Amino acid sequence: MDFENSLSFAQTLDANDLLKKFRERFHIPTINGKEVIYLTGNSLGLLPKKAREYVEQEFVDWENFGVEGHFDAKNPWLYYHHFHREPLAKIVGAKKDEVVAMGSLTANLHLLLVSFYQPTKDRYKIMMEANAFPSDQYAIETQVRYQGFNPHDAIIELSPRKGEDTLRTEDILESIEENKDQL
Ligand SMILES: Cc1ncc(COP(=O)(O)O)c(C=O)c1O
């Protein structure tokens with residue numbers, strides 16, 4: 001298929017999109033009476049219409065079982081990491097024994113860094129975007145300090161060029177090249 005930069009081409013793609021029925025499963029915010037085009041998937045996605053029912057189920061089980069919900073709830077809480085393994089593996093294209101759902105994003109970042117951030121006196125720098133989500137920023141700072149380095153020296157923060165909103169790939173690559181012996 002040859003890509004065409006036109007409204008009619010986009011509308012044809014939409015019409016043939018096999019996944020388009022999934023749109024109906026989400027609440028889509030409106031602005032001035034019109035549904036928005038919503039692209040935020042990395043942070044807070046759209047509310048699935050089923051979410052209220054699923055959360056309500058947990059309240060019902062908590063109400064009825066208290067701490068025993070760990071074993072007696074409809075979805076026993078103790079085994080959540082097992083329930084999510086297979087669907088998550090599908091989403092990320094991994095084997096199911098390579099995936100585990102656990103903790104909060106920030107706690108997971110700490111665990112990841114404790115395992116993989118093994119700085120030496122020459123290679124100890126971490127590159128990240130400037131003005132990252134605050135908890136991301138603090139997690140990196142904490143790990144850098146924990147390893148005995150000074151965040152002002154060890155963290156390289158990249159910002160978009162003046163007057164631009166996003167980082168350019170070429171600028172990221174250039175900074176990696178410049179710092180490659182210390183990263
Ligand atoms: C980019 C980013 N980092 C960190 C967090 C914090 O996640 P958590 O509260 O799970 O640690 C969020 C939450 O929205 C986020 O969007």
Side-chain angles (χ1 to χ4, degrees), residues 1-5 9-31 34-62 65 69-118 126-143 157-158 160 165-173 176 183:
M1 184 192 320
D2 289 326
F3 182 81
E4 223 181 85
N5 187 6
F9 184 71
Q11 284 168 336
T12 308
L13 287 183
D14 278 352
N16 295 327
D17 183 358
L18 295 175
L19 299 177
K20 69 180 173 197
K21 63 178 192 300
F22 282 88
R23 189 181 163 84
E24 289 158 21
R25 298 191 188 185
F26 296 88
H27 290 288
I28 300 186
T30 55
I31 294 179
K34 227 177 131 195
E35 283 187 347
V36 298
I37 295 171
Y38 196 89
L39 299 174
T40 306
N42 65 311
S43 180
L44 190 60
L46 291 170
L47 176 67
K49 289 179 182 165
K50 281 266 195 186
R52 207 177 294 273
E53 179 187 322
Y54 291 144
V55 172
E56 180 59 23
Q57 177 70 52
E58 301 311 316
F59 277 125
V60 168
D61 289 339
W62 186 6
F65 303 116
H70 281 94
F71 310 99
D72 297 338
K74 182 172 178 219
N75 307 295
W77 305 329
L78 201 62
Y79 310 113
Y80 261 35
H81 52 302
H82 293 302
F83 302 153
H84 293 132
R85 171 167 285 190
E86 207 157 336
L88 275 180
K90 239 188 231 170
I91 289 172
V92 301
K95 293 181 188 152
K96 60 178 194 290
D97 56 1
E98 293 171 332
V99 174
V100 66
M102 52 183 280
S104 69
L105 198 159
T106 310
N108 287 341
L109 259 187
H110 279 290
L111 293 170
L112 185 95
L113 286 160
V114 162
S115 303
F116 292 107
Y117 178 52
Q118 310 237 333
I126 294 179
M127 186 178 288
M128 65 189 294
E129 82 264 41
N131 302 315
F133 201 84
S135 53
D136 294 345
Q137 186 89 29
Y138 286 122
I140 304 284
E141 276 187 36
T142 302
Q143 292 295 327
E157 293 187 28
L158 302 185
D165 295 324
T166 51
L167 285 166
R168 292 194 193 192
T169 303
E170 70 219 60
D171 292 349
I172 300 172
L173 294 177
I176 291 174
L183 280 179

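As the structure is a prediction and not an experimental result, all values here were calculated from the model.
- Contact detail for Glu58 and Asn75: the closest heavy-atom pair is OE2-ND2, 3.4 Å.
- With rounding to the nearest 0.5 Å, the separation of CD1 in Ile140 from CE in Met128 is 5.0 Å.
- The closest side-chain heavy-atom distance from Lys74 to Val60 is not below 4.5 Å.
- Interatomic distance, Lys50 NZ to Glu53 CD, rounded to the nearest 0.5 Å: 4.0 Å.
- You'll find the side chain of Met102 reaches within 4.5 Å of the side chain of Asn108, heavy atoms only.
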Does Tyr79 form a side-chain contact (heavy atoms from CB on, under 4.5 Å) with Phe71? I'd like the steps, not just the answer. CA-CA 8 Å; Tyr79 310 113; Phe71 310 99; 4.2 Å; yes
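- With contacts defined as side-chain heavy-atom distances shorter than 4.5 Å, the pair Val100/Arg85 qualifies.
- Of the possible donor and acceptor atoms, none in the side chain of Glu86 sits under 3.5 Å from a partner among the backbone N and O of Phe83.
- The environment of Asn131 atom CG is sparse: at most 12 non-hydrogen atoms of other residues, nucleotides or ligands sit within 6.0 angstrom.
- Within 6.0 Å of the CD1 atom in Ile31, the count of heavy atoms belonging to other residues, nucleotides or ligands does not exceed 12.
- A distance of 8.0 Å separates CD of Glu4 from OG1 of Thr12, quoted to the nearest 0.5 Å.
- Side-chain atoms of Lys49 come within 3.5 Å of backbone atoms of Glu24 as a donor-acceptor pair (strictly under, hydrogens ignored).
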Under the criterion side-chain contact (heavy atoms from CB on, under 4.5 Å), I'd like the reasoning laid out for Ile28 against Leu46: C-alpha separation, chi angles, the key distance, then a yes or no. CA-CA 7 Å; Ile28 300 186; Leu46 291 170; 4.0 Å; yes
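- For Tyr138, the OH atom is loosely surrounded, since the number of other residues' heavy atoms within 6.0 Å does not exceed 12.
- Residues His70 and Pro76 approach most closely at O-CB, 3.4 Å, considering heavy atoms.
- Across all non-hydrogen atoms, the minimal contact from His84 to Ala101 is CB-CB, 3.8 Å.
- The aromatic rings of Phe59 and Trp62 lie parallel to each other, with less than 30° between the two planes, well short of the 60° mark.
- Between Leu158 and Glu129, the closest side-chain pair of non-hydrogen atoms is not below 4.5 Å.
- In terms of heavy atoms, Ala139 sits closest to Leu113 at O-CD1, 4.4 Å.
- Taking CG from Leu183 and CE from Met127, the interatomic distance works out to 4.5 Å, rounded to the nearest 0.5 Å.
- Rounded to the nearest 0.5 Å, atoms CE (Met1) and CZ (Phe3) are 10.5 Å apart.
- Shortest non-hydrogen contact noted between Gln137 and Ala132 is OE1-N, 3.6 Å.
- Taking OG1 of Thr142 as the reference point, atom NE2 of His110 lies at 5.0 Å (rounded to 0.5 Å).
- The minimum heavy-atom distance between Pro160 and Thr166, with the atom names listed, is CB-O, 3.5 Å.
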Would Asp61 and Trp77 count as a side-chain contact (heavy atoms from CB on, under 4.5 Å) if you check the C-alpha gap in whole Å, the side-chain angles of each, and the deciding distance to 0.1 Å? CA-CA 10 Å; Asp61 289 339; Trp77 305 329; 4.3 Å; yes
Please walk me through it: do Ile126 and Gln143 pass side-chain contact (heavy atoms from CB on, under 4.5 Å)? CA-CA 10 Å; Ile126 294 179; Gln143 292 295 327; 5.7 Å; no
